[in-house]
Amino acid sequence: MSQYYLGLDSSTQSLKALVIDTDTGTIHSSATVHFGSDLPQYASPDGVLANPDSTIKHANPLMWLEALDLVLRKLSDANNAKTMAQIKGIGGSGQQHGSVYLNAQAATVFAKLDPTQTLAAQFADTLSRKTSPIWMDSSSTEECREIATAIGARLQADTGSPAIERFTGPQIRRFYKTEPAAYANTKRIHLVSSFVASVLIGGDAPIDRGDGAGMNLLNLRTGTWDPAIAEATAPSLLSRLPHVGFTGQPAGKLASYFGKYGLTPGIPVAQWTGDNPASLIGMGAHRPGKGVISLGTSDTFFAALSDFRTDPNGCGHVFGNPSGGNMSLACFKNGSLARDRIRTELDASWEYFDIGAFNETTPGNEGRLALPWFETEITPSGRSTGLRSNFDFTNAPKAVRIRAVIEGQVLALAAHSEWIGHFNTLRVTGGASRSQGILQTLADVFQVSVEAIAITDSAALGAAMIAAHDTGGHDFDTLAKQFCPTVKTLAPRIEYATTYQSLLPKLRELEG
Ligand code: XUL
């Protein structure tokens with residue numbers, strides 16, 4: 001009888017569910033809820049609530065819960081009862097850094113989930129903060145400065161990152177300063193990942209080391225919360241945080257509520273992690289040596305680290321690797337939404353955007369570069385918002401503009417990941433990894449071979465693989481061989497190495 005494991009990924013724009021079959025090494029089934037189109041009542045087309053202040057990016061946590069009910073309903077409708085009953089364990093990942101604030105009532109609701117009501121209805125009165133700041137929020141600059149002043153260089157040396165606007169600690173400090181009464185009324189602060197895991201187990205799930213490292217609160221050297229940093233962030237914060245889980249140890253058992261979807265109550269639920277740590281697993285890159293580029297809502301560059309190292313320029317981060325040890329990450333906020341906007345504004349078809357424009361222009365684009373910073377960019381941070389280019393962008397031919405944007409984004413990926421080291425292979429995932437033009441540009445800029453893997457939902461796949469590992473005893477090397485085969489490899493064209501090398505100073509100039 002086949003063994004199935006379910007992976008869930010609660011990302012910025014959607015919630016995905018993926019069932020893997022570890023006997024056959026295949027993906028058995030999947031379901032997706034798009035927050036914008038499936039849950040329009042939350043008025044969050046891209047998973048974010050509108051706000052007149054462009055630095056504030058919040059989402060409604062009840063939307064994530066409604067999506068959980070809906071995705072499990074879709075999954076059980078698509079499968080027969082036997083399949084649902086054969087799911088042996090559940091894993092999950094969430095968009096990183098986002099936080100959920102719960103009052104004293106939450107513990108009772110967790111313990112008595114009622115299958116006759118929806119999750120969103122049951123948790124509606126448990127939020128001490130109605131909306132959750134997510135990773136796109138950049139409103140906490142002042143709080144970052146305050147935490148950095150209080151802790152000094154030790155903050156990056158021990159937590160893996162300097163104070164960063166989107167990280168949970170500075171966000172919590174901002175909440176404490178702007179809404180002190182609501183902070184006082186907060187009994188528990190969860191990450192998106194540990195919140196959804198808590199709902200699944202009907203109790204307080206731990207925060208895993210992988211995702212917890214994105215909070216500016218977790219000491220990666222001791223593996224637990226840093227009391228001095230927590231106190232410098234907000235008073236009595238330690239008592240409001242769940243404990244940090246041990247890598248590989250399940251979070252708990254599935255609550256009986258979920259029996260209504262055909263899942264077996266009591267099956268183990270793995271600790272949930274961040275979408276990037278889960279993607280590291282889902283890309284078959286849990287061992288050092290392979291760099292991963294994920295082209296999604298945000299573009300990220302990450303890799304397993306052989307030792308604990310931090311970015312001397314302060315842009316990159318260290319997170320926990322779900323297979324043990326650490327991973328590096330650099331995150332670029334203007335990823336696929338920026339590419340979509342350029343394509344729409346230029347009225348270009350996907351085919352032209354992915355291939356045609358590249359055939360009409362030459363690598364290096366005669367030095368013309370653009371950075372589509374429509375949202376306040378994270379890497380590098382502190383720069384003004386808007387499209388930047390070193391040529392007359394508006395009047396240039398379409399193909400030149402498209403190449404300028406893609407080469408600008410890829411050169412930024414290369415420039416800000418230099419501290420991580422050199423790789424012989426880059427594995428690429430995310431929607432844009434289907435683009436021939438982007439893949440070839442990555443190979444030529446990085447001068448390494450680029451592999452695309454079949455799956456674009458690497459976080460959901462990674463979450464399912466973590467479930468198979470943590471709750472079913474499967475090992476990551478075997479799982480990676482089974483589930484992460486390469487579908488396409490592109491070789492670097494050596495003749496363009498110097499062209500791109502000489503563009504790096506131009507990129508730095510454009511970044512300012
Ligand atoms: C990573 C980051 C984003 C989110 C959303 O630091 O902010 O990649 O995890 O995917």
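Values below: every heavy atom of this structure, side chains too, minus hydrogens, waters and symmetry copies. Ligands are counted one by one from 1 in listed order, and the atoms in each one are counted from 1 as well. Keep in mind that this is a model prediction, so the values were computed, not measured.
Below 30°, between 30° and 60°, or above 60°: for Tyr176 and Tyr183 the angle between ring planes is above 60°, a perpendicular geometry.
In this structure a side-chain-to-backbone donor-acceptor pair under 3.5 Å is missing from Ser194 to His190.
At a 4.0 Å heavy-atom cut-off, the residues surrounding ligand 1 are Gln96, His97, Trp135, Arg166, Asp275, Asn276, Ser298, Thr300, Phe319, Leu329, Cys331, listed by chain and number.
Residues passing the side-chain hydrogen bond (donor to acceptor under 3.5 Å, both in side chains) test with Arg388 are Ser384, sequence neighbours excluded. Under the rule for a side chain to side chain contact (heavy atoms under 4.5 Å, CB included), the partners of Asp354 that lie at least two apart in sequence or sit in another chain are Trp350, Ser435.
With no hydrogens or angles considered, a side-chain donor-acceptor pair links Thr486 and Arg427 at under 3.5 Å.
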Contacts table for residues 459-467: side-chain donor-acceptor under 3.5 angstrom, sequence neighbours left out:
none

